[in-house]
Amino acid sequence: MPTNQAFSSLQESEDSFDVLIQIWMRFTLACTALLVFLIDPVEAGHPSEFAHMLLISYCLYSACFVFVYDLQLFHEIAKHRAAHWIDVVFFSCLITLTAGSDSIFYFFYFLPILVASFAWGFREGLKVTLASAILFTLAGFISVSAQHPYDLGEAILRPITLLGFGYMIAHLGRGRVILKRRLALLQEISTYWNPRFGVNHATMVNLGRLLDFYRGSRCILIKHSADSVQKYQIFVRDKNKQNASESPQEITPATANALLKLPDSLAVTYESESTHNFKGFSKYVAYDTRTLESTGRYLDECRALSNLFDDASFISVPYQQQGITAGRIFLVAEARGFNRADVAFTEQVAKALASVIENMQLIENLIDEAGGQERHRISLDVHDTTIQPYIALTLALDALSREFKSNEPLTKRVAEIISMANMTVQDLRSYKDTLREKSLMRGDFLVTAIKNKANRLLQFYGIHVDVIEAIDPNLSGQFAEAAYQIVCEGISNVMRHTIAKIAYVSVQTDSTHLRIEIGNESHAPIKLKPFKPKSIYERVMSMNGETLVETNVEGYTVIRVTIPLTRE
């Protein structure tokens, strides 16, 4: 499978080759017309001096694309749709000046029609075809003279021929453009994903790509897993809700059964009556994905699904993934219809998406297994190299306290140190257990943990820390754990590197970001020397966040951390 960069380079190379053929063909036609002017002026329609000047100008224009194509101006014009419209205008002028409807240069019109159709699609090709037929007819009327009488047969036959062949070329060009877009979409789905962002993110992004491709209103993926805690899950990508949650929603069995009532192997498209504005008219295409045999059954079920989608047209194809009992993708569009080719392509997209998700899950399992083994090893190292020496330290301090128990001030101070050491041992043991079991802190426990840390600083070091919080209790464990470690490192820096006795911690979340502020009273000059809290900075960078250190209006030194909660 080629990489993203290789695929882009391949596509750019193909497009450049197409443009190169166009500019060389334009140059060849221009030079050929000039040659005909010189060797057979009678056949060319007795061209005037103005016709010669016009053709020479066009030859120079075409030569610029060939010989100075590297210039940015000609490079942009060659790829722009203005290029084929310029050709249409020139060929019309050339035909007007060379016998009109009887001109031998009539066939030159097929160049801009081919370019427009195969580079820009059906509509552009049809526009150029209609414009060419109209301009050819006008050229025939304008060029009527005693030397060039009006040829009624040519004036009728040639525009009709131009319209007929132009329509066929535009239709074939549409097929090529659609095929390139479909291949590009499948390539994006298959290669443009990152396991670091997770399965849900990849699913929502690819549903959005399919939605944009067909310019639909909603794209829905529903999955039924008998072995999962959430048996029925649904992903919904709506064009009007760009910041929708990546997490799937759990739905009731009744709703799931209504969406999964079609057979697991049936692919359908249903075009509602409201799409055509003809009462009683609906378009229905269905076939079995295993046998490819069409069927007329399940029309009532599709009509019920259309009513469920607010009387909209839709495509529905099965979604089959390892570990999923049943699944289905719905692509809903409000004001357009689909055909069997669209259904077949959506089925391919569903297979590509399922393959990507299975690969991501396999990679996640491998990462989890390797990470579990590494966490177990680190937890043993923490126990042997860190916790045990702390326990030995508390035992030594306890023995010292017993030896000097008559000295009450010393005994009291040693007891405080023993208490601090025991708390540290408790924290290390909790960290060891968390590391081994991979149990992350929940969002609703984050504030309590921060306040406990603040109380410990006040008790042992006399540093008063105000805690300001506005946290979503459903904050994921990954972000809650990161926030706690950042706060612990920040207030630890206050204790170790400043003489401040007053500090504050602010932890807040909204729909898009986690924001943390750690500030302490400053006894330094107003102008703060630039510095970077290395461990905090590195942790925030690993989560695509930003770290800023500054002095606020109250004279506090403040570390501001912003971490995005969404990954779009």
Side-chain angles (χ1 to χ4, degrees), residues 185-186 189 199-200 202-211 213-214 216-228 230-238 244 246-272 284-295 297-334 337-358 361:
L185 177 61
L186 290 174
I189 291 175
V199 171
N200 293 340
T203 301
M204 290 295 288
V205 167
N206 287 324
L207 290 179
R209 287 169 176 161
L210 180 61
L211 185 69
F213 183 86
Y214 279 111
S217 56
R218 278 171 292 170
C219 194
I220 301 169
L221 169 61
I222 178 172
K223 297 192 288 187
H224 169 46
S225 178
D227 299 330
S228 176
Q230 293 182 333
K231 294 187 179 300
Y232 297 99
Q233 293 182 336
I234 186 170
F235 294 84
V236 180
R237 189 63 184 260
D238 195 313
E246 294 178 355
S247 301
Q249 301 176 2
E250 186 176 10
I251 57 176
T252 62
T255 303
N257 291 333
L259 293 172
L260 295 174
K261 63 171 61 177
L262 297 174
D264 293 340
S265 61
L266 189 72
V268 302
T269 176
Y270 179 84
E271 195 170 333
S272 67
Y284 171 69
V285 176
Y287 67 92
D288 191 294
T289 57
R290 293 172 295 192
T291 63
L292 301 182
E293 293 183 0
S294 300
T295 177
R297 301 171 59 190
Y298 308 105
L299 178 59
D300 293 337
E301 288 82 351
C302 289
R303 188 176 291 113
L305 286 170
S306 178
N307 294 333
L308 188 63
F309 298 139
D310 299 326
D311 199 26
S313 303
F314 68 89
I315 289 177
S316 179
V317 297
Y319 178 83
Q320 298 174 348
Q321 178 190 324
Q322 187 175 2
I324 301 299
T325 306
R328 187 162 284 276
I329 289 180
F330 292 90
L331 176 65
V332 183
E334 295 175 352
F338 303 100
N339 54 35
R340 179 161 178 158
D342 295 325
V343 181
F345 176 67
T346 306
E347 183 190 354
Q348 294 180 21
V349 171
K351 291 179 179 178
L353 175 58
S355 177
V356 166
I357 299 304
E358 288 175 355
Q361 289 177 340

**Q** Return each pair, listed once, that meets salt bridge (charged side-chain N to carboxylate O under 4.0 Å, His left out) where at least one residue sits in residues 312-326; pairs must be two or more places apart or across chains.
**A**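 Not a single pair qualifies under salt bridge (charged side-chain N to carboxylate O under 4.0 Å, His left out).
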
**Q** Do we get R340 above Y287's six-membered ring, with its NZ or CZ under 6.0 Å from the centre and within 45° of the axis?
**A** yes

**Q** What do the steps show when you test Q348 against L186 for side-chain contact (heavy atoms from CB on, under 4.5 Å), and what is the final call?
**A** CA-CA 8 Å; Q348 294 180 21; L186 290 174; 3.6 Å; yes

**Q** Of all heavy-atom pairs between P318 and A350, which one has the smallest distance, and what is that distance?
**A**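 Nearest heavy atoms, P318 then A350: O-CB, 3.8 Å.
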
**Q** List, one per line, each side-chain donor-acceptor pair under 3.5 Å for residues 253-268, sequence neighbours excluded.
**A**
residue, atom, partner, partner atom, Å
T255, OG1, T252, OG1, 3.0
N257, ND2, P253, O, 3.0
S265, OG, D288, OD2, 3.1
S265, OG, R290, NH2, 3.0

**Q** Does L305 reach the side chain of Y270, with side-chain heavy atoms less than 4.5 Å apart?
**A** no

**Q** Could you tell me whether F338 and Y214 have their ring centroids closer than 6.0 angstrom?
**A**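 F338 vs Y214: aromatic centres under 6.0 Å.
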
**Q** If you take all heavy atoms of D238 and L211, which pair is closest and at what distance?
**A** C-CD2, 4.1 Å

**Q** Specify the closest pair of heavy atoms between L185 and R209, including all atoms of both residues, with the distance to one decimal.
**A**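 Closest pair (atom of L185, atom of R209, distance): CD1-CB, 3.7 Å.
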
**Q** If I take atom CZ from residue R328 and atom CD from residue Q320, how far apart are they, to the nearest 0.5 angstrom?
**A**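 One gets 9.5 Å once the value is rounded to the nearest 0.5 Å.
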
**Q** Specify the closest pair of heavy atoms between F314 and S306, including all atoms of both residues, with the distance to one decimal.
**A**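 Here F314 and S306 meet closest at CE2-N, 3.8 Å.
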
**Q** Of the options N200, L221, T203, I234, which is the one that meets P248 in a side chain to side chain contact (heavy atoms under 4.5 Å, CB included)?
**A** N200

**Q** Which atom names give the shortest non-hydrogen contact between L331 and L210, and what distance separates them?
**A**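 Minimum heavy-atom separation between L331 and L210: CD1-O, 4.3 Å.
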
**Q** So do the side chains of N339 and T269 get within less than 4.5 Å of each other, counting heavy atoms only?
**A** no

**Q** Report yes if some heavy atom in the side chain of E271 is under 4.5 Å from a heavy atom in the side chain of Y284; otherwise report no.
**A**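 A side-chain contact under 4.5 Å is absent here.
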
**Q** Which value, rounded to the nearest 0.5 Å, describes the distance between L353 atom CG and N206 atom CG?
**A** 5.5 Å

**Q** Could you state the interatomic distance from NZ (K351) to OH (Y319), rounded to the nearest 0.5 Å?
**A** 13.5 Å

**Q** Does T289 reach the side chain of V317, with side-chain heavy atoms less than 4.5 Å apart?
**A**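 T289 does not reach V317 side chain to side chain.
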
**Q** Identify, with sequence neighbours excluded, every residue that meets side chain to side chain contact (heavy atoms under 4.5 Å, CB included) alongside E358.
**A** Q321, Q322

**Q** I need the minimum non-hydrogen distance between R218 and F309, along with the two atoms involved.
**A** NH2-O, 3.4 Å

**Q** Let me confirm one number: the NZ-CD1 distance from K223 to I251, rounded to the nearest 0.5 Å.
**A** 12.0 Å

**Q** Is any side-chain heavy atom of I222 less than 4.5 Å from a side-chain heavy atom of Q233?
**A**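 No; the side chains remain at least 4.5 Å from each other.
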
**Q** Considering only heavy atoms from C-beta outward, does the side chain of I329 approach that of I220 to under 4.5 Å?
**A**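 A side-chain contact is absent here, since even the closest heavy-atom pair is not under 4.5 Å.
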
**Q** What verdict does the side-chain contact (heavy atoms from CB on, under 4.5 Å) test give for L299 and R303, after you've listed the backbone C-alpha separation in whole Å, the side-chain angles of each residue and the deciding distance to 0.1 Å?
**A** CA-CA 6 Å; L299 178 59; R303 188 176 291 113; 3.7 Å; yes

